Amino acid sequence: TEYDRGGHPITEWLLRPDVQALHFAGLVLWPLGYPDRALARAEEAFVRARSLDPLNQTSALHAVAEVCAYRGELARAYEAAGDLVEVCTRYGISGVGGAGTGSAIAMLGWVVLLRGDFGQGLVELRRGIKVMESSGQELLMPAYLGRLATGCLASGDVQAASETVAQALRLASETGERAWDSWRSA
């Protein structure tokens with residue numbers, strides 16, 4: 001069924017509960033050991049959000065990129081991350097609930113790292129993190145810093161990796177964001 005927004009202009013830019021539920025289901029089902037269900041929920045969020053406003057599209061694209069990256073489906077993750085950057089950039093979306101141009105660029109950088117292009121991946125991750133910092137976005141920052149540290153380590157820059165982990169831990173301590181603690185220690 002279609003979600004009734006009541007016709008008010010501000011409600012046109014609110015996240016639909018069904019898209020958000022599918023987004024989070026995709027992200028939660030993966031660590032619970034249901035990779036196929038995770039992908040199905042993320043893709044369903046994308047199908048529902050495709051014809052909606054940009055905020056709902058970014059939410060769904062984030063879920064698809066994240067779940068596909070976890071599954072090792074890097075072509076689809078790269079496509080979704082690229083689309084995420086394009087939508088955020090086109091509509092000037094920055095830092096809304098962790099979704100915005102900075103986190104989109106950082107997501108793309110992470111996927112590029114996973115594809116094995118450490119140089120470009122690190123450039124994009126750093127650029128995304130810088131955009132997030134300049135907009136004051138802290139949500140998801142420890143996760144992206146952890147991903148940056150992993151990329152630095154994989155490229156042989158142990159010093160940068162260590163400094164980035166320290167930054168992520170400081171920020172997590174300040175903000176209380178703990179959602180990615182187990183990932184950071186992996």
Side-chain angles (χ1 to χ4, degrees), residues 2-6 8-31 37-71 73-115 120-121 123-148 175 177 179-180 183:
E2 182 62 29
Y3 179 71
D4 180 14
R5 295 165 182 243
H8 192 276
I10 190 70
T11 62
E12 293 303 315
W13 282 79
L14 294 177
L15 295 169
R16 279 183 33 166
D18 59 332
V19 173
Q20 284 304 285
L22 291 165
H23 166 112
F24 287 115
L27 297 179
V28 168
L29 287 166
W30 169 259
R37 290 181 188 174
L39 180 59
R41 296 312 178 277
E43 290 287 4
E44 187 178 347
F46 176 69
V47 167
R48 289 186 187 203
R50 189 179 345 213
S51 64
L52 299 175
D53 57 87
L55 287 181
N56 281 288
Q57 291 173 24
T58 61
S59 175
L61 286 166
H62 173 264
V64 170
E66 191 91 22
V67 170
C68 286
Y70 291 151
R71 291 171 52 94
E73 297 172 8
L74 300 182
R76 178 69 177 115
Y78 183 79
E79 176 187 16
D83 290 347
L84 179 59
V85 170
E86 194 274 323
V87 171
C88 287
T89 302
R90 181 184 330 150
Y91 293 100
I93 299 170
S94 62
V96 179
T101 304
S103 57
I105 294 168
M107 170 68 75
L108 181 62
W110 178 55
V111 172
V112 170
L113 273 175
L114 293 175
R115 291 173 59 156
Q120 188 61 36
V123 165
E124 292 300 316
L125 251 172
R126 286 185 175 111
R127 185 167 72 96
I129 289 168
K130 185 174 183 173
V131 171
M132 291 168 72
E133 288 173 337
S134 70
S135 71
Q137 179 184 336
E138 293 178 328
L139 183 64
L140 300 178
M141 184 70 83
Y144 286 118
L145 288 169
R147 291 170 179 180
L148 177 60
T175 64
E177 184 175 337
W180 301 97
W183 184 87

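These numbers come from a predicted model, not from an experiment.
In this pair, Trp30 and Tyr70 present their aromatic rings parallel. The plane angle is below 30°, not in the 30 to 60° band.
Rounding to the nearest 0.5 Å gives a distance of 10.5 Å between CG of Leu84 and CD of Gln57. In this structure, Thr58 OG1 and Asp83 CG are separated by 12.0 Å, a value rounded to the nearest 0.5 Å. Taking CG from Leu61 and NE2 from His23, the interatomic distance works out to 11.0 Å, rounded to the nearest 0.5 Å. For the atom pair CG of Leu29 and CZ of Arg37, the computed distance is 7.0 Å after rounding to the nearest 0.5 Å. In this structure, SG on Cys68 lies 12.0 Å from CG on Leu114, to the nearest 0.5 angstrom. Rounding to the nearest 0.5 angstrom, the gap separating the CE atom in Met132 from the CG atom in Leu139 is 7.5 Å.
The salt bridge (charged side-chain N to carboxylate O under 4.0 Å, His left out) check on Glu73 picks up Arg71, with sequence neighbours excluded.
Shown here for Ala49 and Asn56, the closest heavy-atom pair between the two residues is CB-O, 3.4 Å. Here the closest non-hydrogen pair linking Ala65 and Ala77 is O-CB, 3.6 Å. Between Ala106 and Leu125 the shortest heavy-atom distance is O-CD2, 3.4 Å. The two residues Val111 and Ala69 come nearest to each other via the heavy atoms CG2-CB, 4.3 Å.
Annotation: side chain of His62 is in contact with side chain of Leu27 (closest heavy-atom distance under 4.5 Å). Two residues are said to be in side-chain contact when any heavy atoms from C-beta on lie closer than 4.5 Å; Pro54 and Arg90 fail this criterion. Taking 4.5 Å as the limit, some side-chain heavy atom of Ile129 sits within range of a side-chain heavy atom of Glu133. Inter-residue side-chain proximity for Phe46 and Val19 is flagged as unmet; no heavy-atom pair is nearer than 4.5 Å.
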request  = Show your reasoning for whether side chain to side chain contact (heavy atoms under 4.5 Å, CB included) applies to Tyr78 and Leu108.
outcome  = CA-CA 7 Å; Tyr78 183 79; Leu108 181 62; 3.7 Å; yes

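Using a cutoff of 4.0 Å between basic side-chain nitrogens and carboxylate oxygens, Glu124 and Arg147 are not scored as salt-bridged. Glu79 has a carboxylate O that lies under 4.0 Å from a charged side-chain N of Arg76, or vice versa, which qualifies the two as a salt bridge.
Put simply, the side chain of Ser134 gets close to the backbone of Val131: a donor and an acceptor are under 3.5 Å apart.
Of the candidates Val87, Thr89, Val85, Thr89 is the only one forming a side-chain contact (heavy atoms from CB on, under 4.5 Å) with Thr101.
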